[in-house]
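In what follows, a single structure is set out as structure tokens and then discussed.
Just so we're clear, the structure is a prediction, and the values are computed from it rather than from any experiment. Chain letters run A, B, ... following the sequence lines, proteins first, then strands; residues in each count from 1.
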Amino acid sequence: MAKLDTPALEQSFLNNHGKNPIRAWLFSTDHKRIGILYLLSIGFFFLVGGLLGGLMRIELIAPGETIMDPQTYNGVFTVHGLIMIFLVVIPGLSAVFGNFFLPILIGARDVAFPKLNLLSWWLYIFGAILAISSQFLGSGAPDTGWTFYAPYSTETGSNVVLAVFSAFVLGFSSILTGLNFIVTVHRMRAPGMTWFKMPLFPWSLYATAWIQVLATPIVGVTFLMIVAERLFQIGFFDPSLGGDPLLYQHLFWIYSHPAVYIMILPAMGVVTEIIPTFAKKHIFGYKAIALSSLAIAAVGYFVWGHHMYTAGMSGTARWFFSFLTFIVAVPSAIKVFNWVATMHKGSITVRTPFLYTLAFIFLFMIGGLTGLWLGALATNVHLHDTAFVVAHFHYIIFGGMGFAFFAGLHYWYPKMFGKMYDEKLANVAFVIIFIGFNLLYFPLFIIGMQGMPRRYADYLPEYTGGHFWSTMGAIVLITGALLMIYNLIIRTRKKGTPAEMNPWGGKSLEWTLESPPKEHNFDEIPTITENPYNY
Amino acid sequence: MDDKNKKHITSYQTYGIVLVGLLILTFISVGVTWIELGPLTVTVALLVASVKVFIVLTYFMHLKYDSLFIKLMVAGIFILFAVIIVITFLDYWFR
Amino acid sequence: MAHSNPLLEHRDDEGAKIGMWIFIFTEILLFGGLFLVYAVFRNQYSEDFHTAAFELNAFVGTLNTVILLCSSATVAMSITAVLKKDRKTAMILLGITLVLALVFMVNKYFEWSHKIHEGIYPGSELMADLERGELLFFSLYYFMTGLHALHILIGMTILTVILFKVRNGSVNDDKIVLLENGGLYWHLVDLIWIFLFPLLYLIT
Amino acid sequence: MYPITPGVSNLAEGVDKTFMILFAISLFFLIGITIVMLWFVYKYHKKRHPVPSKSKGNNTLEVIWIVFPTIIVLILFYYGWIGFKPMRDVPEGAREVKVIGYMWDWDFEYENGKRSKDLYLAKDEPVKLNMVSLDVIHSLYIPAFRVKEDVVPGQTNFMWFIPSQVGQYEVLCAEYCGLRHSFMDAKAYVMEPEEFQSWLADFDPEETEHKGLIIVRNNACTGCHSLDGSKLVGSTFKGLYNADRNVTEDGKQITVKADDEYLLESIYEPNRKLVEGYPANVMQSYRKIITDEDVMHIIDWLKSEEMR
């Protein structure tokens with residue numbers, strides 16, 4: 001890790017105190033160290049997933065076979081989805097920044113169950129190893145897409161069992177993190193910190209944790225059924241044995257739709273922390289934001305069927321799910337309005353984290369509004385399973401969750417590592433990433449509307465233009481991401497200046513600690529009298 | 001940490017009575033299957049099972065003496081599950 | 001100084017209990033997914049389910065229900081015993097629970113091997129010739145009772161560990177939350193069975 | 001501006017109307033909020049506005065932007081639903097066409113028993129597609145008609161529409177179905193009704209096909225094995241019988257003749273003798289699916305004049 005060359009670093013949690021550094025990191029129950037372990041492992045898998053995505057884009061640069069045959073392409077998009085969904089975006093913000101900052105933001109010394117927290121990380125690594133080895137062991141890389149739709153997933157000759165089992169293990173890790181956070185928020189808030197004096201990032205983590213706990217078991221047992229289906233022919237999803245393929249889709253989406261909120265809610269929480277700090281103004285409508293997180297979690301649990309409008313569901317189910325889908329758009333809209341209103345009459349400084357935040361709001365709006373197009377029954381029939389969905393999904397997950405992750409990373413980096421990065425270079429990287437992102441995904445909206453289906457290894461010539469520009473965007477985006485990583489890791493290590501305690505002038509509890517914090521965070525647990533947004 | 005000292009001790013007798021009650025309910029639900037009730041059989045069996053579950057939750061699992069928060073959570077889970085079933089059946093009933 | 005830092009020591013029994021309950025919720029929903037599958041197929045093939053359930057031995061099912069209920073009671077009583085500082089009774093009660101659990105598993109073993117011997121198991125030729133609903137019923141039977149039996153085994157392991165901790169005194173009337181949580185887990189196994197029993201054995 | 005080709009069915013109107021409404025509302029909010037946000041960042045920049053206001057919120061505003069979006073999304077839901085509703089109401093007397101999806105091709109079967117690889121339609125005549133799948137889930141998608149419905153094994157899904165313009169349109173598979181998913185396409189030909197009638201009548205039900213060919217087609221073998229000598233996922237059926245095959249068995253390269261015994265084994269244990277140039281584990285065993293007797297019909301068909 002960083003060289004311990006300042007007094008603050010010397011006293012911080014980063015100091016191994018002469019112990020074997022590998023043991024001191026891999027078996028640490030300190031929530032901050034576990035957060036950093038997650039950051040490194042998630043960062044690694046993000047690069048692997050991004051590389052696979054880049055390969056897919058190169059294959060699609062022109063019609064016909066470019067660099068891989070269709071079977072390889074099918075394997076690559078499955079692994080890309082598997083890694084990005086289960087190893088990057090689902091743990092993503094809550095495992096990295098949640099672990100590091102949840103206890104600090106509520107004035108605690110650690111999470112409720114530190115050992116369980118470490119176990120979660122180990123399960124994550126175990127699941128990751130299984131997921132990666134499913135690519136190489138057995139009868140070939142899984143080629144089902146990350147959705148594992150039956151009966152294809154129960155019939156294909158590829159190594160589905162291991163891939164599905166890895167997702168099960170990763171789900172278990174996610175459940176334990178959620179459980180830990182719920183108890184932490186309930187039991188470990190500092191004296192005086194009532195629910196409505198709690199910062200809004202913990203609020204969003206709390207809502208997220210409930211979804212993790214309540215949705216994941218359903219997909220867990222579903223994955224077990226897929227395993228049993230393949231190994232013992234139990235036939236739940238196999239029509240030739242009387243089973244029902246749509247039942248699989250119900251069970252799968254009961255989890256996997258709420259999973260989208262596991263990804264995006266913490267992102268909203270991070271943004272909600274960043275905006276008041278840089279606008280120097282109280283967050284607009286604190287309660288509305290806090291409660292809308294719960295509303296999104298609650299209503300979002302029951303909209304899973306909008307992934308199945310064209311699957312042959314009953315008409316009643318179709319309009320019911322469409323109706324709820326539109327309702328769940330409202331709390332998201334409330335948040336956007338409140339973020340913008342917070343900037344009104346503030347005193348704004350535009351620094352790197354704030355740039356990412358502005359981009360987040362813009363991209364999230366595109367993702368959210370196109371979500372309405374997919375939620376509407378009539379347009380969904382045309383757009384479902386096309387590149388439009390791919391674009392919408394990446395605008396929400398990458399443009400939303402990803403940009404919020406970058407915002408949080410730049411926001412809390414000085415606190416986590418005690419060093420300040422080169423902000424000019426960070427801003428340059430931001431501009432490249434922003435341009436590359438839009439160039440990559442916006443054309444997919446257009447060719448999707450024209451009828452380009454998703455998961456196609458090859459396509460008709462009329463879609464060539466869109467695919468070409470999209471691939472160009474991928475190259476720009478990867479360049480920007482590499483520049484950001486270079487700036488944060490290599491350059492800061494050599495040339496970073498020691499970070500101040502409160503570089504942005506924030507009011508929440510983490511800014512009252514040293515950069516980086518001591519192992520036990522607080523010498524004395526603070527007593528809270530007001531919420532942290534009174535500028 | 002004041003709740004730690006005020007731990008409620010349930011007597012052996014209470015558990016004994018609860019167990020006998022549960023066993024009686026079990027035999028009732030078995031006995032009912034010998035009566036021809038048609039489609040009602042399942043309803044009765046599930047009803048009896050629900051009563052048993054309620055008793056186990058209340059006494060064996062000490063919900064009676066737990067905080068309101070835990071009680072609400074437990075109730076919430078069963079409601080959540082019921083809602084999932086109903087929503088899924090919006091598809092199956094009307095297909 | 002970093003290790004055994006008194007500032008990091010933290011004990012919260014209520015928090016541990018909430019954590020256990022949340023874990024139990026995940027288990028309920030894990031089985032909930034299966035109950036949903038059951039509900040869908042039962043709705044689709046109610047006649048076949050009816051006939052297939054005749055094939056199961058209601059007597060063994062009832063016996064196992066009784067066994068599990070008794071074991072639940074003994075676990076609950078062991079908490080009373082520990083709170084009354086009666087370590088010996090607590091250990092005996094936990095021991096009885098483990099024995100009952102073992103009897104349950106033995107019954108289950110004979111029940112399964114009897115069915116397998118008859119040729120009714122997923123993937124068998126006899127299964128493939130059954131009506132589709134009957135096939136699904138038996139698949140559900142194996143899957144649900146199998147997963148439940150796995151939970152019994154996990155519960156037995158947990159209770160064994162706790163038994164030793166009661167013996168060496170690290171679970172006592174002041175530090176009882178481990179036993180309480182182990183008990184909660186055992187009651188969960190009971191809860192699941194209370195629903196499995198009528199749905200599999202009594203819908204004839 | 002309007003990025004998609006015009007819809008050419010009766011259902012396209014509802015879809016495209018919803019589309020335009022959503023497009024207008026989305027654009028309004030996206031541009032409006034973005035401009036307001038950037039304007040705030042400019043106007044209330046620290047340089048121009050050093051002292052921030054102490055405001056914490058405004059209940060009136062909050063209520064407005066809870067109620068207002070709720071009304072808008074309900075309106076949007078309504079249009080989405082109204083545009084969708086006719087897709088489920090099939091008019092009386094619609095022509096029924098059976099669609100069979102399999103890895104990786106489509107078959108269309110008409111009321112007189114005529115089968116075709118492409119979909120032939122009469123302009124301005126309602127048609128109902130009854131769709132079944134022989135293996136995994138597919139999805140029939142005709143972008144120009146704005147219709148899509150999954151083709152699910154074990155159940156019959158349907159869609160209907162009235163094509164409104166003569167022409168040739170793409171038929172695609174929109175649900176991922178494995179190796180050749182992106183090549184599972186067909187054409188929809190919309191013709192004048194008289195023209196369609198004569199196409200439909202150009203069919204002799206007496207002219208029976210070889211039993212082996214029917215078995216091969218019903219088991220979707222033709223998705224991977226061509227009838228005309230071209231190489232797909234698997235080798236072609238054309239000229240297969242008694243040809244020399246370079247195969248790998250237990251890691252050894254040998255040459256065998258594609259005789260009766262070899263063909264039977266290849267259907268029941270496809271991975272035993274792997275023909276050079278084709279991957280393992282793509283084909284499953286058909287031991288439980290195709291009976292010995294049916295295999296004999298297939299071999300008989302492979303011996304026939306048309307396949308030599």
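Interface residue B:Ile77: only side-chain heavy atoms are found under 4.5 Å from chain A. With a threshold of 4.5 angstrom between heavy atoms, B:Tyr92 approaches chain A through side-chain atoms but not through N, CA, C or O.
Enclosure of atom CZ in B:Phe54 is not indicated, since only 12 or fewer non-hydrogen atoms of other residues, nucleotides or ligands lie within 6.0 angstrom. The neighbour count for A:Phe223 CZ, taken as heavy atoms of other residues, nucleotides or ligands under 6.0 Å away, is above 12. Heavy-atom contacts from other residues, nucleotides or ligands closer than 6.0 Å to NZ of A:Lys287 number 12 or fewer. Around the CZ atom of A:Phe320, the shell of radius 6.0 Å holds more than 12 heavy atoms that belong to other residues, nucleotides or ligands. For A:Trp319, the CH2 atom counts as loosely surrounded, since its 6.0 Å shell holds 12 or fewer non-hydrogen atoms of other residues, nucleotides or ligands.
Atoms CG and CE, from B:Asp91 and A:Met308 in turn, are 6.0 Å apart once rounded to the nearest 0.5 Å.
Within the 4.5 Å cutoff, the side chain of A:Trp210 has heavy atoms near those of the B:Met73 side chain. Residues A:Trp304 and B:Thr88 form a side-chain contact, since some pair of their non-hydrogen atoms from C-beta on lies under 4.5 Å apart. Counting heavy atoms from C-beta on, the side chains of B:Arg95 and A:Leu246 come closer than 4.5 Å. Looking at heavy atoms from C-beta onward, B:Phe94 lies out of side-chain contact with A:Met313 at the 4.5 angstrom threshold. Counting only heavy atoms from C-beta outward, the side chains of A:Thr316 and B:Phe89 never approach each other to under 4.5 Å.
Across A:Asp244, A:Ile218, A:Leu214, the residue that shares the most heavy-atom pairs under 4.5 angstrom with chain B is A:Asp244.
A donor-acceptor pair under 3.5 Å is formed between the side chain of A:Ser314 and the backbone N or O of B:Leu90.
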Original post:
Between A:Phe302 and B:Leu80, is a side chain to side chain contact (heavy atoms under 4.5 Å, CB included) present by the stated rule, with each step listed?
Top reply: CA-CA 10 Å; A:Phe302 302 112; B:Leu80 172 74; 3.6 Å; yes

